[in-house]
Amino acid sequence: MNLYPLKFKPILKERLWGGTKLKDLFGKPSTSEITGESWELSAVTGDVSIVSNGELEGTFLQDLIDKYPVELLGKSVVDRFGTEFPILIKFIDAKQDLSIQVHPNDALAKERHNSFGKTEMWYIMDADPGAQLVVGFNRDVSKTEYWQSLQNDTLLELLHYEKVHEGDTFFINTGKIHAIGAGVLLAEIQQTSDITYRVFDFNRKDKEGNLRELHTELALDAIDYKKKDDFKVAYSKEMNSLNTMVDCPYFKTNILELDKNFSIDTNNRDSFTIYMCVDGRALIENEFGKVSIQKGETTLIPAMSQIISINTEGAKLLEVTI
């Protein structure tokens, strides 16, 4: 099978806190005023991506993986994850603050939900003046103190707030309490998991007038109560070069800022490659075909590719592998 660079139909998610930037800036096919997420590449049950280009158009990602596991994912990925696609790729538009939340680690998620945990990273694509994130606590707290803050409605006083700008990158390991703030547009790379424990939601109501579910008890054993300054990622920004941002057990992300054509020998990579375009546009090609992507679009390059050619006059890409 000649597996060319694949694009997928975006899976759009309405969220209480969402807005219109995914449509206005990226051209996502939304008719909603509260589109919060565009799932670009997903094999989550019930939300499996569908190919949108070439002869495989209309094919579900999971069907391709089941038919061509090694060719698409790479042998080392199959050895580790079987035919489960291990990455979930999103663009997120927060018009309002997201809920304060935490994700469980692999062991807890396996025990409780038969799922992976949810380690993730964020790349800030746009931020309104003064926009910020919640990332961790502003000091060490005890579980008892945290519990009391929920009862006293003082949790927000314990949290660390980080102002953000375009290009800032954050690594959100499991156990870290966090939230995306209003006015932030970002690219998210995460383990394939949809397990989130919501601990505070500003007493907001959904469109039916109901308070959203909180997961107070579940979160207690998932939270890391220590203050840690390990969230903001420092990375080099050398032009026309692969600059590593995050290299963790679940994914490796490089940033590639180009003002000319670029080629990558992937013969020994033994992993699929994902490109998220966070600025500009590029034509990406392997031995079996080519695809164009622009800001706000994503492509999956199958592992069987031996060389990837990127033709561009200006683009900034996040490259994700296992």
Side-chain angles (χ1 to χ4, degrees), residues 15 17-19 21-22 24-26 36-38 40 87-103 118-138 156 159-191 196 224 227-248 250-259 274-280 293-298 314-321:
R15 299 294 189 231
W17 41 261
K21 287 182 180 178
L22 297 174
D24 298 342
L25 300 183
F26 299 162
E37 302 184 8
S38 176
E40 297 287 297
I87 297 293
L88 176 57
I89 299 290
K90 304 176 183 177
F91 292 114
I92 295 178
D93 170 27
K95 185 177 181 180
Q96 299 180 37
D97 294 332
L98 273 68
S99 61
I100 310 298
Q101 54 190 244
V102 70
H103 304 308
K118 191 175 178 183
T119 297
E120 60 191 14
M121 67 164 282
W122 298 331
Y123 175 85
I124 309 300
M125 296 180 67
D126 186 60
D128 294 347
Q132 59 187 9
L133 307 174
V134 169
V135 273
F137 293 103
N138 56 33
L156 300 183
L159 304 177
H160 172 77
Y161 299 87
E162 183 85 10
K163 288 189 176 180
V164 297
H165 306 87
E166 186 273 329
D168 287 347
T169 300
F170 297 87
F171 181 68
I172 309 298
N173 51 330
T174 56
K176 190 179 300 302
I177 200 162
H178 64 275
I180 302 170
V184 175
L185 178 70
L186 59 77
E188 179 175 272
I189 298 152
Q190 60 158 94
Q191 289 177 268
T196 294
D224 182 350
K227 178 185 184 297
K228 293 180 178 176
D229 298 321
D230 59 353
F231 45 82
K232 193 165 185 181
V233 176
Y235 61 94
S236 61
K237 301 177 182 179
E238 184 179 346
M239 288 290 296
N240 304 305
S241 180
L242 290 170
N243 300 285
T244 299
M245 305 171 89
V246 170
D247 189 356
C248 73
Y250 307 105
F251 51 81
K252 179 179 181 179
T253 302
N254 301 313
I255 192 164
L256 183 57
E257 187 169 1
L258 302 173
D259 60 11
I274 298 166
Y275 289 106
M276 303 181 77
C277 186
V278 295
D279 203 11
I293 60 171
Q294 61 185 12
K295 186 175 182 177
E297 293 186 332
T298 303
K316 191 180 291 186
L317 305 170
L318 300 183
E319 181 192 77
V320 185
T321 60

Is there a side-chain contact between Thr244 and Asn254 (heavy atoms, below 4.5 Å)?
-> yes
Under 3.5 Å donor-acceptor, Gln190 side chain and Lys118 backbone = no
Ring pair (Phe, Tyr, Trp, His ring centres under 6.0 Å) involving Phe26 - partner list, sequence neighbours excluded | Phe91
Look at the side chain of Asn243 and the backbone N and O of Glu238, then say whether any donor-acceptor pair between them is shorter than 3.5 Å.
-> yes
Qualifying salt bridge (charged side-chain N to carboxylate O under 4.0 Å, His left out) pairs with a residue from residues 122-131, counting only residues at least two apart or across chains = Lys21-Asp126, Lys21-Asp128
What side-chain donor-acceptor pairs closer than 3.5 Å can you find for residues 167-177, not counting sequence neighbours?
residue, atom, partner, partner atom, Å
Asp168, OD2, His165, N, 2.8
Thr169, OG1, Gly167, O, 3.4
Lys176, NZ, Asp230, OD1, 2.8

Min side-chain heavy-atom separation Ile255-Leu317 under 4.5 Å | no
Taking the six-membered ring of Phe231 as reference, does the NZ or CZ atom of Lys228 fall below 6.0 Å from its centre and within a 45° cone about the axis?
-> no
Do side-chain atoms of Tyr161 reach the backbone of Leu156 as a donor and acceptor pair under 3.5 angstrom?
-> yes
Please test Ile274 against Ile189 for side-chain contact (heavy atoms from CB on, under 4.5 Å), starting from the C-alpha separation and ending with a verdict.
-> CA-CA 10 Å; Ile274 298 166; Ile189 298 152; over 6 Å; no
If only atom types and distance count, is the side chain of Asn240 paired as donor or acceptor with the main-chain N or O of Asp259 below 3.5 Å?
-> yes
State whether Glu37 and Arg15 are salt-bridged, where the test is any N-O pair (Lys NZ or Arg NE/NH1/NH2 against Asp/Glu carboxylate O) under 4.0 Å.
-> yes
